[in-house]
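A quick write-up on the structure given underneath.
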Amino acid sequence: LIGFWIAMIILPSGWDLPVYILPALRGQTVDYPYPPWSFWFLQPLLWLPFKANYVVLVGVIIAALVVARRLLRPSAWLLFLSFPFVWVLWYGQFETFVSVGAVVAWVALQRKQPVWAGIGMALMSVKPQIGFPAALAVLWWLPTWKQRLIAAAIPGGLIMASLAAFGPGWFVGWLGKLPFWLDYYT
């Protein structure tokens, strides 16, 4: 734990935001490791200067985790001092969308609301390398095929809208880069 906190002081913060997210949103790079519908979640960041972007992203992360804490009721100290929270906060990652999607989907499963389960799956899909297994679990846990189809229609709609907006080439290009990103993360 002490080594983790020392690394937090030494390592640069906000890595994903200036290196991948903002240049891709501005059309300055094609090395964007996320599916194109994540652009729509992040597009408002372009309206602000860089330092304000990071502050807004950190604010969204904190607000999302406050909501997750209220829905799941874990100990606040455990949540806010956890490695995943500090990692996301420090590096400017947007795994928060995946986390909130998992919470929304979990609550939707408990309440038997397939539309909200689909919204949770859509949020989890912005980082499919992290959220895809959880989204499959949500589909598995829905009790009927009708509910599974309703839930799957929401992230499926995002994929179709991305194909309409960006053409089919994004999917082939994104799949082509997966081996690089999988190797990068392991």
- Task: Search all heavy atoms of Ala108 against all heavy atoms of Ala117 and return the closest pair with its distance.
- Result: CB-N, 3.3 Å
- Item | Atom of Pro128, atom of Pro133 and distance for their closest heavy-atom approach | O-CD, 4.1 Å
- Query: Leu149 and Trp141: same hydrophobic cluster, using ILVMFWY side-chain contacts below 4.5 Å?
  - Reply: no
- Message: Tell me the closest heavy-atom pair linking Lys112 and Gln147, and the distance in Å.
- Response: O-NE2, 4.2 Å
- Message: Return the CH2 to CG distance between Trp140 and Leu109, rounded to the nearest 0.5 Å.
- Response: 14.0 Å
- Hey, what do you get for CD1 (Ile130) to OG (Ser99), rounding to the nearest 0.5 Å? 8.0 Å
- Query: Do Leu136 and Leu142 share a hydrophobic cluster, counting only Ile, Leu, Val, Met, Phe, Trp and Tyr and linking them when any side-chain heavy atoms are less than 4.5 Å apart?
  - Reply: no
- Message: My understanding is that only one of Val100, Ile154, Val98, Val103 makes a side chain to side chain contact (heavy atoms under 4.5 Å, CB included) with Leu123; could you say which?
- Response: Val100
- Got Trp116 and Val107 here, is their nearest side-chain heavy-atom distance under 4.5 Å? no
- Result for side chain to side chain contact (heavy atoms under 4.5 Å, CB included) between Pro155 and one of Met124, Met121, Met160 points to Met121
- Between Pro168 and Leu163, the two heavy atoms sitting closest are CA-CD2, 3.7 Å
- Message: Can you confirm whether more than 12 heavy atoms, excluding those of Trp37, are under 6.0 Å from its CH2 atom?
- Response: yes
- Note on the structure: What one should report as the nearest heavy-atom pair of Leu158 and Ser125 is CD1-OG, 4.2 Å
- Side-chain contact, heavy-atom cut-off 4.5 Å: Pro35 with Val126? no
- Within a radius of less than 6.0 Å around CZ of Phe132, do more than 12 heavy atoms belonging to other residues, nucleotides or ligands occur? no
